[in-house]
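Inspection log for the structure reproduced underneath, given as structure tokens.
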Number of protein chains: 2
Amino acid sequence: MIDDRAAATPPEDLEILVHGERRGRKAQLRLWLRMLSITKLVGQEIRRRLRVEFDATLPQFDLLAQLDREPAGLRLGDLSRRAMVTNANVTGLAERLEADGLVERAPLDGDRRVVVARLTPLGRARFGAMAKAHEGWLRELMGDVDEATLDDALRLLGAVKASATRKLGPPDGRPDA
Amino acid sequence: MIDDRAAATPPEDLEILVHGERRGRKAQLRLWLRMLSITKLVGQEIRRRLRVEFDATLPQFDLLAQLDREPAGLRLGDLSRRAMVTNANVTGLAERLEADGLVERAPLDGDRRVVVARLTPLGRARFGAMAKAHEGWLRELMGDVDEATLDDALRLLGAVKASATRKLGPPDGRPDA
DNA sequence: ACATGGTATTTTAAGCTTAAAATAACGGGT
DNA sequence: ACCCGTTATTTTAAGCTTAAAATACCATGT
């Protein structure tokens, strides 16, 4: 059990931002900074391990993950939407993954504007190994947190995500349709 | 109140990754993906508004925030540690902020290796305006979430952050000292 | 004085990221 | 057949990010 008083280093990171102000207010800001510092902290480690163990980057892993779920492949546009990056971004990512032999690109017949990307057998195998390791790393990094806490956090952040999604106008703004 | 069944668009984003597998397992992975999708979603909007309203970037805002708390300025090394980015990164960021007149850099006398950065009066004023807007944007984006939920999420994520920090070996690894 | 090991910052090379502009192709109307 | 608005992708320009190498300086021992 961790004793706060023993932490000779207070959160000397991004979260320091909130500090000076009268505490108690700014719940949104504090939560935002905490999410940012966690994603930076964990993200940096995940990136490091992906690089060392698989010579890959996190965005590349994200793209492979989306393609792994769609054996028939995905249009680059759909891929960019799912990976939450711009079309322009996907172009370069897909190029490098193709150069590495993990992904194939082909025009869609019937609409020559469209490019469909799908995993090669090598890509599928490689992603499988990466996903297994990736999941283990997360279990390791969050190892001190019991599952009930993780489930609760997931649920509460669900409300945060829903709020942000709503405020940002779900790209397609139909109430229910 | 949001009804899950009404969501005609299932989470067709990063979180789709977890889906295929048997649900119930992988609490760590699910929470991780949720944090990533929220930080991407909200982060993209924050970046957009910083660009449109202040012609600034989020990393620049982060740096200004750290400097605003230290009127005497900070060494670039300390700045990079607090902003959770590499030294190399801070070099360029500080250059651009200096070019914009928001930051000054000066060698530390007594140790000519060290560069200290601090806000200019313009930088201080500009950051004040940005911070005020920034806080409002977060309140807006998380507006549908009541404060108790935010506080709970903050607390639970505190456990997650503590776990990750511990596993990553707090740069200074003394047990208690 | 001088070598030597360590520290602070910058440079370099590669890749990620985005907005905005450019390119290419589709499809409906005339 | 041709125009024209729309859609899918790529290119471009600017900035962010990191690891690794380079530079500059400090500090200690000899």
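Numbers restart at 1 for each chain; the letters A, B, ... are given by sequence-line order, proteins then strands. Because the structure is a prediction, the values reported are computed rather than measured.
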Item to complete: Give the rounded distance in Å between these two atoms: CZ of A:R113 and C1' of C:dA25.
Response: 6 Å
Worksheet entry | Proximal nucleotide (of D:dT10, C:dA8, D:dC16) relative to the A:R105 side chain | D:dT10
Discussion item. Between the side chains of B:E70 and B:R118, is the shortest nitrogen-to-carboxylate-oxygen separation below 4.0 Å, so that they form an ion pair?
Written reply: no
Item to complete: Could you tell me whether B:F127 and B:F61 have their ring centroids closer than 6.0 angstrom?
Response: yes
Worksheet item: With respect to the side chain of B:R51, which nucleotide from D:dT18, C:dG15, C:dA19 is positioned closest?
Response: C:dA19
Worksheet entry | Nucleotide C:dT18, atom C1' - distance to CE of A:M84 in whole Å | 15 Å
Worksheet item: Which nucleotide in the list D:dT10, D:dT6, C:dT9 gets nearest to the side chain of A:L76?
Response: D:dT10
Fill in: Closest-nucleotide 5' rank along DNA chain C - winner of B:R48 and A:D111
B:R48
Item to complete: From the options C:dT18, C:dA25, C:dT17, select the nucleotide whose nearest atom is closest to the side chain of A:T86.
Response: C:dT18
Discussion item. Need one value for A:L58: base, sugar-phosphate or nothing, where a base atom within 4.0 Å counts as base even if backbone is also close, heavy atoms only.
Written reply: nothing
Worksheet item: The side chain of B:R112 lies closest to which of these nucleotides: D:dC26, D:dT18, C:dT10?
Response: D:dC26
Worksheet entry | Closest to side chain of B:N89, choosing from C:dT11, C:dT10, D:dC16 | D:dC16
Worksheet item: Taking the nucleotide of DNA chain D with the closest heavy atom to each, which residue, A:E95 or A:Q44, is nearer the 5' end?
Response: A:E95
Practice prompt. Return the value, rounded to whole Å, for the distance between atom NZ of A:K40 and atom C1' of D:dT17.
Written response: 10 Å
Discussion item. Let's see if you can work this out: which of D:dG15, C:dC16, D:dT9 has an atom nearest to the side-chain heavy atoms of A:R75?
Written reply: D:dT9
Practice prompt. Evaluate the side-chain proximity of B:V115 to B:R75: yes if any heavy-atom separation is below 4.5 Å, no if none is.
Written response: no
Fill in: Nucleotide D:dC16, atom C1' - distance to CG of B:L63 in whole Å
12 Å
Practice prompt. Would you mind telling me which of C:dT18, C:dC16, D:dG15 lies closest to the side-chain atoms of A:T57?
Written response: C:dC16
Fill in: C:dC16 phosphate, OP1 or OP2, under 4.0 Å from A:Q60 side-chain N/O
yes
Item to complete: Round to a whole Å and report the spacing from CZ of B:R49 to P of C:dA19.
Response: 14 Å
Worksheet entry | Whole-Å gap separating C1' (C:dT10) and CG (B:L93) | 14 Å
Fill in: Heavy-atom side-chain contact between B:L33 and B:R30 under 4.5 Å
no
Worksheet item: Is the closest side-chain donor-acceptor distance between A:N89 and A:T86 under 3.5 Å?
Response: no
Worksheet item: Where the side chain of B:V85 is concerned, which of D:dT17, C:dT7, C:dT9 is the nearest nucleotide?
Response: D:dT17
Discussion item. Between P on C:dT9 and CG on B:L74, what's the gap in Å once rounded to a whole number?
Written reply: 11 Å
Practice prompt. Would you check if there is a donor-acceptor pair between the side chains of B:E15 and B:S37 at a distance under 3.5 Å?
Written response: yes
Fill in: Nearest-Å distance for atom pair CG/P, residues A:L64 and C:dC16
11 Å
Item to complete: Could you please name the option among D:dT6, C:dA19, C:dT9 that lies closest to any side-chain atom of A:A88?
Response: C:dA19
